[in-house]
Amino acid sequence: MVPSPRTIALVLAGSILLWCAPLHVTHAGALSQSTSPAVSTYGAQLVAGPMAFPDGFMPSVKTYGAMGDGVTDDTGAIQRALADSRQDASGDYYGRPKALYFPPGTYLVSDTLRWNGCCVTLQGAGSATTTIRLAPGSNGFGDSTNPKPLIVTPHGNTSFHQNIWDMGISIGPNNAGAIGINYGSNNSGSVHNVNIVSEDGKGTRGIDLTGQYAGPLLIKNVAIQGFDVGIDLKNAEYSETFEDITLSQQNVAGIRNAQQTITVRGLLSNNAVPAILNNGGGFVLLLDSNLNGGSAARTAIETSSTFYLRNITSSGYSSTLLDKSSSTPVSVKGTISEYLVGQPRSISGSATPASLKLSVSETPSSTNDPLPQWAAFKPAWYGDTSSLQTLLNGGASTIYFPFGAYFSYAEAKATVPDSVNRIVGFSSVINGDPAGANGGGIRLVVNSNATAPLFIEQFGYGLKVEHHGSRPIVVKDAFVTYSSSPGAGNLYMDDVEVGSFVVQGGQNLWARQLNVEGNGTKIANQGGNVWVLGFKSEGTGINVDTSQGGQSEILGSLIYPATAVSPTDIAFRSSNANSSYLYSESVYCAGCGYTVQVQETCSGRTAQVTSNASTSFRMPLFVGTGGCGNVASNAAKKIR
């Protein structure tokens with residue numbers, strides 16, 4: 001749980017650097033071609049559906065009377081489904097999640113859909129197969145000065161695990177004040193494979209993230225058409241991650257950001273207005289994106305605050321970037337290989353604005369096995385896990401837990417065979433007991449050396465993953481405990497909340513929206529490669545500790561110690577390794593920040609970047625010295 005923050009004191013970077021060479025310098029100083037994806041891969045790749053699910057996998061809104069025929073007003077039926085067992089607005093629903101399936105159809109509504117508490121999943125059957133449509137001219141949605149959402153999640157800092165997946169959101173005409181989704185989720189939660197459309201182009205926002213305190217969360221594979229602003233953000237907590245986003249036909253801006261630290265990759269913008277406006281102290285990282293269709297009177301990106309760009313193309317605009325962070329605005333035209341609005345840091349004191357640029361592997365897509373190859377975990381009683389290993393060994397390629405709450409007093413341990421491709425929780429939770437062996441819950445052991453990845457998805461909590469073999473593992477939309485041993489295979493994490501863990505030598509971690517909480521070292525990279533797009537941490541101790549020749553690239557993060565930090569604590573540490581970091585730190589009390597932001601050690605010599613532990617800190621870009629390349633000769637050089 002995260003305590004409520006006060007207004008953040010932002011650190012604005014004052015210098016501007018441009019680096020637009022067609023080749024980039026790697027951490028070792030050699031030249032290499034960029035590994036960025038082709039333009040054709042940018043933007044959302046929506047799965048239209050219909051998506052097949054087994055009977056009884058999740059409660060359906062149709063059991064509450066929703067028709068989905070596009071004619072009947074389904075507002076009351078859907079609202080009954082959302083309110084069922086959720087009458088207490090201040091109730092703690094963390095251990096009592098809710099999931100609702102919207103079968104194929106168009107669900108006509110005329111008022112806001114809302115619910116109480118955390119941990120709610122709305123599951124559709126495909127972005128073009130299930131649609132929630134706001135009826136034309138609905139009451140209360142006509143005033144753009146008084147916006148009203150079609151869907152609104154609870155806000156605050158305990159709105160955990162809110163999910164909206166695989167559906168369309170359509171705003172009928174004559175709803176100029178409509179918001180598609182007023183969204184927030186904490187620690188984990190995602191919107192993915194969702195198509196949001198304003199049928200007449202009007203409406204205020206496609207996705208509204210201006211509530212307190214949105215994030216950390218992931219928005220991935222989402223398209224937004226119309227509205228004044230596609231995605232709107234403000235307030236400093238707690239960071240958001242976006243990947244594979246298409247924005248088109250906005251009236252004011254594709255993305256408008258104030259104060260938030262956001263990371264965006266794979267954006268495709270088709271707009272006459274700016275693709276991104278970043279003002280009011282925001283910090284934006286934009287990678288591998290194409291901004292086109294612009295107006296000669298406008299620029300694709302306008303910023304007055306910290307901004308990092310890499311591999312950005314634009315067309316139709318007067319320029320790609322208008323940098324207004326200094327008294328003399330700077331206009332940058334054409335393709336941008338790498339650009340930083342802000343002052344890069346390095347131990348040597350002279351840094352080029354060049355991040356580590358680790359090779360990026362896209363998150364594999366889940367296998368879509370035919371339903372006869374699915375098998376359900378069905379305990380004989382609450383707490384029974386005796387059939388789990390037999391189920392895993394039964395030959396089914398997809399194992400699923402029908403939505404619900406499961407229990408194992410003593411930890412239940414099961415080995416996953418090569419025949420299993422996917423294990424899906426459908427937003428279920430697995431309760432344990434501190435008095436039981438290892439605290440209870442379920443532990444999945446992966447010893448396999450198979451090359452096909454194992455997908456583990458959609459568990460609210462209570463699942464442990466033990467990774468020994470070289471088989472790749474993909475964890476998505478889940479809160480898990482992860483452990484590994486030398487030789488463990490590659491690891492992908494999308495929208496994952498996890499405790500502290502180790503990345504082994506030779507192992508690759510690619511993560512999108514990774515939330516790691518607790519005191520002590522959160523990620524120990526012991527000779528592997530760690531690439532994180534959107535990292536949020538809470539608690540004291542080292543956030544990423546890279547050693548033994550490892551490489552760590554942290555692209556956009558919010559670190560939040562939350563309590564007093566020992567002056568000897570280090571936010572990011574590197575020893576005989578390579579690293580680059582871009583992040584913000586939230587500090588709300590005296591001594592509640594890091595004195596040592598970055599420490600590098602090489603050949604027995606140590607140097608540090610330090611800061612005032614009582615004020616918020618921003619690292620526009622830290623550039624590592626390249627594994628002993630230029631570490632200062634003195635044993636403890638400090639720069640501010």
Side-chain angles (χ1 to χ4, degrees), residues 1-2 57-59 81-82 84-86 88-101 113-124 151-167 181-194 207 209 211-220 222 237-241 401-406 423-432 441-442 456-465 475-482 493-499 511-518 534 536-538:
M1 184 179 296
V2 283
F57 81 104
M58 186 180 289
L82 292 167
D84 188 17
S85 302
R86 291 259 173 160
D88 184 359
S90 60
D92 181 3
Y93 293 102
Y94 189 74
R96 295 177 288 163
K98 174 179 282 291
L100 289 171
Y101 174 51
L113 302 176
R114 63 180 74 242
W115 58 86
N116 291 326
C118 74
C119 316
V120 172
T121 296
L122 307 185
Q123 173 69 64
I151 298 174
V152 58
T153 64
H155 292 286
N157 53 21
T158 58
S159 187
F160 307 114
H161 315 319
Q162 311 282 17
N163 303 303
I164 301 173
W165 299 333
D166 305 311
M167 63 175 59
I181 306 172
N182 187 325
Y183 182 61
S185 187
N186 302 128
N187 292 1
S188 68
S190 68
V191 177
H192 65 65
N193 193 36
V194 172
I207 298 179
L209 290 162
Q212 293 183 323
Y213 303 93
L217 54 83
L218 176 66
I219 296 178
K220 182 168 182 173
V222 169
E237 309 296 352
Y238 289 95
S239 78
E240 292 86 11
T241 303
F401 289 55
F403 168 74
Y406 297 82
I423 301 172
V424 189
F426 287 125
S427 299
S428 296
V429 296
I430 302 170
N431 294 311
I442 292 176
I456 299 172
E457 307 175 57
Q458 304 176 31
F459 286 90
Y461 60 76
L463 190 69
K464 307 169 188 180
V465 180
V475 184
K476 299 169 69 174
D477 301 304
F479 178 11
V480 300
T481 298
Y482 173 83
M493 290 181 164
D494 273 23
D495 185 37
V496 172
E497 181 180 357
V498 64
R512 284 90 168 160
Q513 203 306 86
L514 182 64
N515 183 71
V516 190
E517 300 195 3
K536 185 262 181 182
S537 69
E538 187 168 333

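Index from 1, following the sequence.
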J.: Whether the side chain of Thr153 engages the backbone of Gly184 through a donor-acceptor N/O pair (distance < 3.5 Å, no angle test) should be reported.
T.: yes
J.: Return the SG to CG distance between Cys118 and Asp92, rounded to the nearest 0.5 Å.
T.: 6.5 Å
J.: Test side-chain contact (heavy atoms from CB on, under 4.5 Å) on Phe479 and Val429 and set out the steps.
T.: CA-CA 9 Å; Phe479 178 11; Val429 296; over 6 Å; no
J.: First locate atom CD1 of Ile151, then atom CG of Leu122, and finally report the distance between them rounded to the nearest 0.5 Å.
T.: 6.0 Å
J.: Would the distance check show the side chain of Ser185 and the main-chain N or O of His161 forming a donor-acceptor pair, the cut-off being under 3.5 Å?
T.: yes
J.: Hey, could you give me the CG/OG1 distance between Leu217 and Thr241, rounded to the nearest 0.5 Å?
T.: 7.5 Å
J.: Return the minimal non-hydrogen interatomic distance between Leu514 and Val498, and the atom names on each side.
T.: CD1-CG1, 3.8 Å
J.: Mark yes or no for whether Tyr183, through its side chain, and Gln162, through its backbone, hold a donor-acceptor pair below 3.5 Å.
T.: yes
J.: For the side chain of Lys98 and the backbone of Ala81, is there at least one donor-acceptor N/O pair under 3.5 Å apart?
T.: yes
J.: Which one of Phe403, Phe401, Phe426 satisfies the ring-ring contact (aromatic ring centres under 6.0 Å, His included) criterion with Phe459?
T.: Phe401
J.: Is the backbone N or O of Pro402 less than 3.5 Å from a side-chain atom of Ser428, with the two atoms forming a donor-acceptor pair by type?
T.: yes
J.: For the pair Tyr461 and Tyr94, name the ring-plane relationship: parallel under 30°, tilted 30 to 60°, perpendicular over 60°.
T.: parallel
J.: Between Ser188 and Asn515, is there a side-chain heavy-atom distance shorter than 4.5 Å?
T.: no
J.: Look at the side chain of Asp495 and the backbone N and O of Lys476, then say whether any donor-acceptor pair between them is shorter than 3.5 Å.
T.: no
J.: How many angstroms lie between atom CD1 of Ile181 and atom CG of Leu113, to the nearest 0.5 angstrom?
T.: 10.5 Å
J.: Indicate the atoms forming the closest heavy-atom contact of Val475 with Ala478, along with that distance.
T.: CG1-CB, 4.1 Å
J.: CD/Gln123 to OH/Tyr101 distance, rounded to the nearest 0.5 angstrom?
T.: 7.5 Å
J.: Taking all non-hydrogen atoms of both residues into account, name the closest pair between Gly124 and Met167 and its distance.
T.: N-CE, 3.8 Å
J.: Taking all non-hydrogen atoms of both residues into account, name the closest pair between Pro216 and Lys536 and its distance.
T.: CG-CD, 3.7 Å
J.: Could you tell me which non-hydrogen atom of Ser190 sits nearest to which non-hydrogen atom of Asn163, and how far apart they are?
T.: N-OD1, 3.1 Å
J.: Counting only N and O atoms by type, is there a donor-acceptor contact under 3.5 Å from the side chain of Asn186 to the main-chain atoms of Tyr213?
T.: yes
J.: Looking only at atom types and distance, does a side-chain atom of Arg512 sit under 3.5 Å from a main-chain N or O of Asp494, one as donor and one as acceptor?
T.: no
J.: Does Ser159 use its side chain to pair, donor to acceptor, with the backbone of Pro154 at less than 3.5 Å?
T.: yes
J.: Using only atom types and a distance under 3.5 Å, with no angle test, would you say the side chain of Tyr238 pairs donor to acceptor with the backbone of Asn187?
T.: no
J.: Will you find, in the side chains of Asp477 and Gln458, an N or O donor that is under 3.5 Å from an N or O acceptor?
T.: no
J.: Under a 3.5 Å cutoff, is there a donor and acceptor pairing between the side chains of Asp166 and Asn193?
T.: yes
J.: To the nearest 0.5 Å, tell me how far Ile219 CD1 sits from Gln513 CD.
T.: 10.5 Å
J.: If you look at every heavy atom in Pro97 and Ser427, which pair is closest and at what distance?
T.: CG-O, 3.9 Å
